[in-house]
Asks: 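Before we start, here is the structure in question, set down as structure tokens.
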Amino acid sequence: MHWAPIRKKAEWWTTRPNLLNYQQTVASFSWDDVRRHCAGLPGGKGLNIAHEAVDRHATGPMGSSLALRWLGRDGTSRDFTYDNLREQSNRFANLLANLGIGKGDTVAVLADRIPDIYIAALGTFKNTSVFCPLFAAFGPEPVFQRLLRGDARLLVTTERQYRQKVSSLRTLLPKLQVVLLVDVGDHLADDLLSLPRLMAESSTTFSIPPTSPEDVAVLHFTSGTTGMPKGAIHVHNALLVHYVTGAYVLDFHPGDVFWCTADPGWVTGTSYGIIAPLLHGITNIVDEADFDAVRWCENLQNQKVSVWYTAPTAIRRLMRLGIAPAKDYDLSRLRVIHSVGEPLNPEAVVWGQEALGLPIHDNWWQTETGGIMIANYPGMDIKPGSMGRPLPGIEAAIVRRTDQGFVEVIEELDLQGDLALKPGWPSMFRGYLHDEERYRKCFVGGWYLTGDLARRDGDGYFWFVGRADDIIKTSGHMVGPFEVESTLMEHPAVAEAGVIGKPDPLIGELVKAFVSLKPGRQPSDEMRLELIGFARKRLGSAVAPKEIEFHQNLPKNKAGKIMRRLLRARELGLPEGDLSTLEDSS
Ligand code: AMP
């Protein structure tokens with residue numbers, strides 16, 4: 001079905017969008033100009049995210065402005081002005097330095113969306129250490145892999161998370177020097193310390209050391225298709241992209257109240273749930289609770305949210321309830337709605353217009369890009385179902401790989417190919433930690449290959465087609481099939497496992513495993529439940545398979561590798577494609 005573009009009319013705008021003339025802005029854009037919006041560290045000592053996001057506001061007229069409002073699950077809330085954030089993050093930076101955690105050292109956090117992790121992020125940037133957020137719904141295995149691969153030296157977490165997920169594996173993490181617990185009043189051991197106590201004992205003044213724009217700031221793990229998760233390295237200079245997308249895409253204006261529903265365990269929750277709104281000196285809403293339709297509508301109304309950044313799964317959940325929030329709640333402050341993370345169906349864009357009073361703007365990016373790269377802009381027409389057009393300063397193309405190991409740009413319109421970006425934007429990842437080769441492989445013929453398939457239309461809008469690999473997107477979260485397969489194979493009954501994403505109308509894809517059992521083990525409902533429970537315990541609910549199907553002959557290629565592509569095609573009743581590499585095809 002063809003969806004007509006949603007035309008933006010000037011009378012819609014209560015606030016004039018920051019980006020109105022796309023062609024002109026693209027033509028005159030320069031990253032140096034964006035850099036001129038930054039204050040820089042005093043004395044020309046460089047560029048530090050925390051200085052730009054907090055200190056420069058705190059020490060100016062905005063010191064007492066509301067920077068972060070935290071909404072607790074239990075109905076309580078806490079407000080932090082820019083000045084409060086400055087003091088708290090100074091304390092955290094000081095305690096890191098006192099513990100001997102320095103420049104380039106990894107500071108991991110594992111907790112729900114509680115204020116401590118926001119303060120830890122900012123304090124970590126100040127200390128020029130590396131912030132590494134972990135999703136609180138991960139089970140012990142993904143947590144362990146990320147702490148190990150990320151060389152974590154310090155972990156901030158809760159006592160429950162620590163006992164359930166880290167303590168039994170701690171001896172296997174020799175680099176993990178100290179764990180700070182947010183919810184104990186006193187130190188429990190020399191290397192298991194109370195964060196509140198250390199914060200109280202730390203000074204509220206801290207001088208940010210010289211920070212090069214190329215100093216590492218964030219380590220974000222993202223799932224691979226063939227191996228364990230990869231740590232994408234991001235630097236302080238990324239803030240230029242956070243700043244410019246805050247202006248052009250999210251359309252921040254002074255006085256805005258912004259709510260990003262993403263968890264900092266994923267890149268959206270860090271780049272936009274922490275950094276971008278603070279760079280712009282606006283108010284950032286953080287809700288500790290997970291999705292709940294009534295609560296979310298109340299948040300939009302009661303917090304007077306003006307810019308909302310959410311995800312397709314949440315939007316589809318609201319749609320499914322058949323509600324029209326704009327009728328029952330006062331959403332008059334809401335000016336723009338954005339979505340990211342998975343394809344946003346055109347129906348959802350249009351539903352937004354009816355039920356929320358505003359259409360939804362889809363945008364595209366990924367962990368490796370560090371910030372939004374392609375977007376539907378508030379000041380421009382929306383094409384429902386499209387991801388939009390490249391950010392000024394970003395060159396995107398549809399390319400095809402050639403047999404000689406090069407890529408060529410597909411100039412024809414509406415042809416499917418690999419979505420590629422010209423390297424060099426400030427928030428581009430600078431490497432995969434300890435995996436130089438994997439990083440190098442992402443760049444071919446002068447392009448960064450995103451791993452997504454897409455097409456481009458005559459107006460320069462990009463349309464998502466699918467992943468070029470086997471990575472699964474479930475509820476907007478990336479899951480690497482290899483990680484799930486490896487865990488299933490640790491079960492004594494499992495011989496082999498192949499994991500795919502099965503399309504699901506609500507959560508995008510659900511994790512489905514095909515399992516063959518060892519001789520003497522029989523498939524049964526009990527066995528299925530046991531394996532699901534086994535995987536949940538180790539991987540956590542965000543990653544574990546929701547469906548398991550037994551198959552004694554999993555399709556394999558001649559090298560003995562399970563062909564997930566074929567499992568998926570069979571599951572969906574699609575053509576099986578080229579079978580010449582199938583093990584028993586000859
Ligand atoms: P992550 O690195 O976890 O943020 O996931 C990035 C991936 O999510 C992209 O490479 C896409 O496959 C998918 N993705 C992100 N945004 C969109 C979007 N607007 N439409 C379709 N897929 C998206």
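Both counts, for ligands and for their atoms, begin at 1 and track the order of listing. Being a predicted model, the structure only gives us computed values, none of them experimental. As a basis for the values below, the full set of heavy atoms in this structure was taken, side chains included, without hydrogen atoms, waters or symmetry mates.
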Asks: Return a table of N or O atom pairs, ligand 1 on one side and protein on the other, at distances under 3.5 Å, rounded to 0.1 Å.
Replies:
{"from": "ligand 1", "atom 1": "2 (O)", "to": "Thr367", "atom 2": "N", "distance (Å)": "2.8"}
{"from": "ligand 1", "atom 1": "2 (O)", "to": "Thr367", "atom 2": "OG1", "distance (Å)": "2.5"}
{"from": "ligand 1", "atom 1": "5 (O)", "to": "Lys473", "atom 2": "NZ", "distance (Å)": "2.9"}
{"from": "ligand 1", "atom 1": "8 (O)", "to": "Gly341", "atom 2": "O", "distance (Å)": "3.4"}
{"from": "ligand 1", "atom 1": "8 (O)", "to": "Lys473", "atom 2": "NZ", "distance (Å)": "2.8"}
{"from": "ligand 1", "atom 1": "10 (O)", "to": "Gln366", "atom 2": "NE2", "distance (Å)": "2.9"}
{"from": "ligand 1", "atom 1": "10 (O)", "to": "Asp452", "atom 2": "OD1", "distance (Å)": "3.2"}
{"from": "ligand 1", "atom 1": "10 (O)", "to": "Asp452", "atom 2": "OD2", "distance (Å)": "2.9"}
{"from": "ligand 1", "atom 1": "10 (O)", "to": "Arg467", "atom 2": "NH1", "distance (Å)": "3.0"}
{"from": "ligand 1", "atom 1": "12 (O)", "to": "Asp452", "atom 2": "OD1", "distance (Å)": "2.9"}
{"from": "ligand 1", "atom 1": "12 (O)", "to": "Asp452", "atom 2": "OD2", "distance (Å)": "3.1"}
{"from": "ligand 1", "atom 1": "14 (N)", "to": "Gly341", "atom 2": "O", "distance (Å)": "3.3"}
{"from": "ligand 1", "atom 1": "16 (N)", "to": "Gly341", "atom 2": "N", "distance (Å)": "3.2"}
{"from": "ligand 1", "atom 1": "19 (N)", "to": "Asp362", "atom 2": "OD1", "distance (Å)": "2.9"}
{"from": "ligand 1", "atom 1": "19 (N)", "to": "Asp362", "atom 2": "OD2", "distance (Å)": "3.4"}
{"from": "ligand 1", "atom 1": "19 (N)", "to": "Asn363", "atom 2": "O", "distance (Å)": "2.7"}
{"from": "ligand 1", "atom 1": "20 (N)", "to": "Glu342", "atom 2": "O", "distance (Å)": "3.4"}

Asks: Decide side-chain contact (heavy atoms from CB on, under 4.5 Å) for Leu47 and Asn237; before the verdict, give the C-alpha distance in whole Å, the side-chain angles of both, and the deciding distance to 0.1 Å.
Replies: CA-CA 7 Å; Leu47 188 72; Asn237 209 34; 3.5 Å; yes

Asks: Test of understanding: with ring pair (Phe, Tyr, Trp, His ring centres under 6.0 Å), list the residues that count as partners of Tyr248, not counting sequence neighbours.
Replies: none

Asks: For Asp215, what residues pass the side chain to side chain contact (heavy atoms under 4.5 Å, CB included) criterion, not counting sequence neighbours?
Replies: Lys103, Thr211, Ser212, His236

Asks: Mind checking salt bridge (charged side-chain N to carboxylate O under 4.0 Å, His left out) for Arg320 and listing every partner two or more places apart, or none if nothing turns up?
Replies: none

Asks: Is the distance from the ring center of Trp259 to that of Trp296 below 6.0 Å?
Replies: yes

Asks: Would you please classify the geometry between the Phe443 ring and the Tyr448 ring as parallel, tilted or perpendicular, with 30° and 60° separating the classes?
Replies: tilted

